[in-house]
Amino acid sequence: MAEAITPRATDYSQWYLDVIKSAKLADYSPVRGCMIIRPNGYALWENMQAALDGMFKETGHENAYFPIFIPQSFLAKEADHVEGFAKECAVVTHSRLKVDDEHGLIADPDSKLEENLIVRPTSETIIWDTYSRWIQSWRDLPILMNQWANVVRWEMRTRLFLRTMEFLWQEGHTAHATEQEAVDETLTILDIYAKFAEEYMAVPVIKGVKTASERFAGAVETYCIEALMQDGKALQAGTSHFLGQNFAKAFDCKFQNKDNELEYVWATSWGVSTRLIGALIMIHSDDQGLILPPRLAPKQVALVPIYRKDEDMQVVLAAAAEIEKELKAAGIRIFVDDRDGFRPGWKFNEYEVQGVPIRLALGPRDVANGTVEVARRDTGEKQSMSREGLADSIAELLESVQQGLFDSALAHREENTRSTDSYDEFKQILDEKGGFVSMHWDGTAETELRIKEETKATIRCIPLEGYEEDGVDPVSGQPSKSRVLFARAY
RNA sequence: CGGGGUGUAGCGCAGCCCGGUUAGCGCAUCUGCUUUGGGAGCAGAGGGUCGCAGGUUCGAAUCCUGCCACCCCGACCA
């Protein structure tokens, strides 16, 4: 046994870190809280990017790129925004190093910058400064823009993928002539996020609205998708913000409308990050390691050739090459592991730990019989399949794995979503079972805060659908118009 | 920032209380032979400023002082 993965039941946090390490997704860096994304992790991210990017473009968005440095003064322009981000900004103050006799290498005092630069924690400010120059007329609108970038937030406590000081994400920033158009955009993106999570990641999500206290700094309304992890904790998987005219006012971004009047521009911003990889790991994987949904898996199928003698090797590798060609032609991402210095058992284990959805084993016996051994990672089932029509069988199996992962994640969420009208029962559910708890809430920040302080549970969202009903908040005794979803969260 | 912990080979650790030959062990690595349908076996080899800086001592990984870093648990967050 090279490295053991801590079982989930023993220590869920350690299990999560062990899975990342043994699947070679990421590594720690010399700098606290930063993460090295290894090829296995990055390939996964690239597949996520490709799918999302396609959906953004289909809905009329274009990619651009803005600088990593933002003048410090920009951050000060939107009051809520600065309050939200000021405490976690990396600040660049000098432009040079020099060797000092006493202290070694130091920032050269003579190179102190005229104005400090902030390493972007998000790009609203620099983008709205730019939009104020780009937008004059209603003809300049809308602007539907996205960027793939890295951002830095100086977090106090970090966790690989879930919260790192630097992370990769996409941030969309759109500008509109009317409030309705901006709200519609916010919801269009929310739908894209939910579709991506469910159809590609096989992660069921709940669409909802954040409460005022959980809202993005500078937003009028924050919409989100929330997912439930295997340990019963919730994770915010993506957010889409309706920014109103807040940033337009802060950066004096006005346009002349068809009636010849000056109006402030309406805004949205939205993002998902490498945190999604964390969600993927926590939702599907098991004590043996990572489990990847086929649609995002960099390797969908790994073929392990088995042979003893040299003449067997020739025959087996030739058959493996045929299978490879056949499956590739059918658009399946297959990898033939013909490395000689590793034994089959070792390879079986490697692909299991790395979450490859389907593993094929091909030995002299199979070649003689015209079969191949097929093992699926999610259920562990093994079967012998005929080489006849193999590409179709595998494609079907991949779909079945994809659907199976979604179904079991959904079943888990449903089993762990409970409704209550009693605060005592609410606490009991959180302590004994975890998961989502649906309860009435009077809509006040006071009650929300009290519940958070007493139970560590937060309102994950006010779901968009299916939770409206008249009732009473059991904590305050005040009337309520809708249930909301509470959970302890990452 | 508060609480706890850890720094010794690439990784994981022992040794430290009670100072004393050449600082050990497991995994990994390299070489050779045998192996190959579920993480191979045997034999050999390489690899260390014991976190950093002072101090005590004939002698410090070990005792003392100071510093630094990282990890875990809380408050904050995509």
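Just so we're on the same page: letters track the sequence lines, and every chain starts at 1.
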**Report entry** Sugar-phosphate, base or nothing in reach of Thr458(A), heavy atoms under 4.0 Å
**Finding:** nothing
Query raised in the report: Going by an N to O cut-off under 4.0 Å, is there a salt bridge joining Lys195(A) and Asp191(A)?
Result: no
Report summary line: Considering only heavy side-chain atoms of Arg275(A), the closest of A78(B), U36(B), A75(B) is A78(B)
Report task. Grab the NZ-C1' distance between Lys347(A) and U36(B) for me, whole Å please. Result -> 9 Å
Query raised in the report: Touch check for Glu373(A), heavy atoms < 4.0 angstrom, all strands: base, sugar-phosphate only, or nothing?
Result: base
Query raised in the report: In whole Å, what is the span from the CZ atom of Arg460(A) to the P atom of A78(B)?
Result: 9 Å
Requested in this report: Write down the distance separating the P atoms in G59(B) and C42(B), rounded off to the nearest Å.
Outcome: 45 Å
Query raised in the report: Is a salt bridge present between Lys210(A) and Glu226(A), judged by a nitrogen-to-oxygen distance below 4.0 Å?
Result: yes
Report task. Using only heavy-atom distances, decide whether a donor-acceptor pair under 3.5 angstrom links the side-chain of Lys382(A) to the base of G38(B). Result -> yes
Query raised in the report: Which nucleotide, G37(B), A78(B), G38(B), lies nearest any side-chain atom of Arg163(A)?
Result: A78(B)
Query raised in the report: Using a distance-only test with no angle check, is there a side-chain donor-acceptor pair under 3.5 angstrom linking Thr186(A) and Glu221(A)?
Result: no
Report task. Return the orientation label for the Phe242(A) and Trp266(A) ring planes: parallel under 30°, perpendicular over 60°, tilted otherwise. Result -> parallel
Report task. Determine the contact category for Gly271(A): base if any of its heavy atoms lies under 4.0 Å from a base atom, sugar-phosphate if only primed atoms, P, OP1 or OP2 are that close, otherwise nothing. Result -> nothing
Report task. Would you mind reading off the distance between Lys24(A) atom NZ and G10(B) atom C1', rounded to a whole angstrom? Result -> 13 Å
Query raised in the report: Between Lys456(A) and Asp431(A), does at least one N-O distance fall below 4.0 Å, as a salt bridge requires?
Result: no
Query raised in the report: OP1, OP2 of G37(B) versus side-chain N and O of Arg343(A): anything below 4.0 Å?
Result: yes
**Report entry** Atom pair distance, as rounded to whole Å: CG in Asp18(A) and C1' in G12(B)
**Finding:** 12 Å
Report task. List the steps, then state whether side-chain hydrogen bond (donor to acceptor under 3.5 Å, both in side chains) holds for Asp231(A) with Tyr16(A). Result -> CA-CA 11 Å; Asp231(A) 65 343; Tyr16(A) 172 75; over 6 Å; no
Query raised in the report: On a whole-Å scale, what distance lies between the P atoms belonging to U65(B) and C18(B)?
Result: 14 Å
Requested in this report: Please evaluate the base of G38(B) for a donor-acceptor partner in the side chain of Arg359(A) within a cut-off of under 3.5 Å?
Outcome: yes
Report task. Could you state the atom-to-atom distance from CH2 of Trp154(A) to P of C77(B) in whole Å? Result -> 19 Å
Query - Pair Asp286(A) + Arg377(A): basic N to acidic O under 4.0 Å - result: yes
Query raised in the report: Does CD in Glu62(A) sit with more than 12 non-hydrogen atoms of other residues, nucleotides or ligands closer than 6.0 Å?
Result: no
Report summary line: Which of C72(B), C76(B), G37(B) is nearest the side chain of Lys452(A)? It is C76(B)
Report task. Mind calculating the distance between NZ (Lys21(A)) and P (C71(B)) to the nearest angstrom? Result -> 14 Å
Query raised in the report: Rounded to whole angstroms, how far apart are CG on Leu160(A) and C1' on C72(B)?
Result: 14 Å
**Report entry** Watson-Crick or G-U stems involving RNA chain B, each at least 3 pairs long, distances under 3.5 Å, ordered by first number
**Finding:** B:1-7 with B:68-74, B:10-13 with B:24-27, B:29-34 with B:40-45, B:51-55 with B:63-67
Query raised in the report: Considering only the C1' atoms, how many Å lie between U29(B) and G10(B), rounded to the nearest integer?
Result: 8 Å
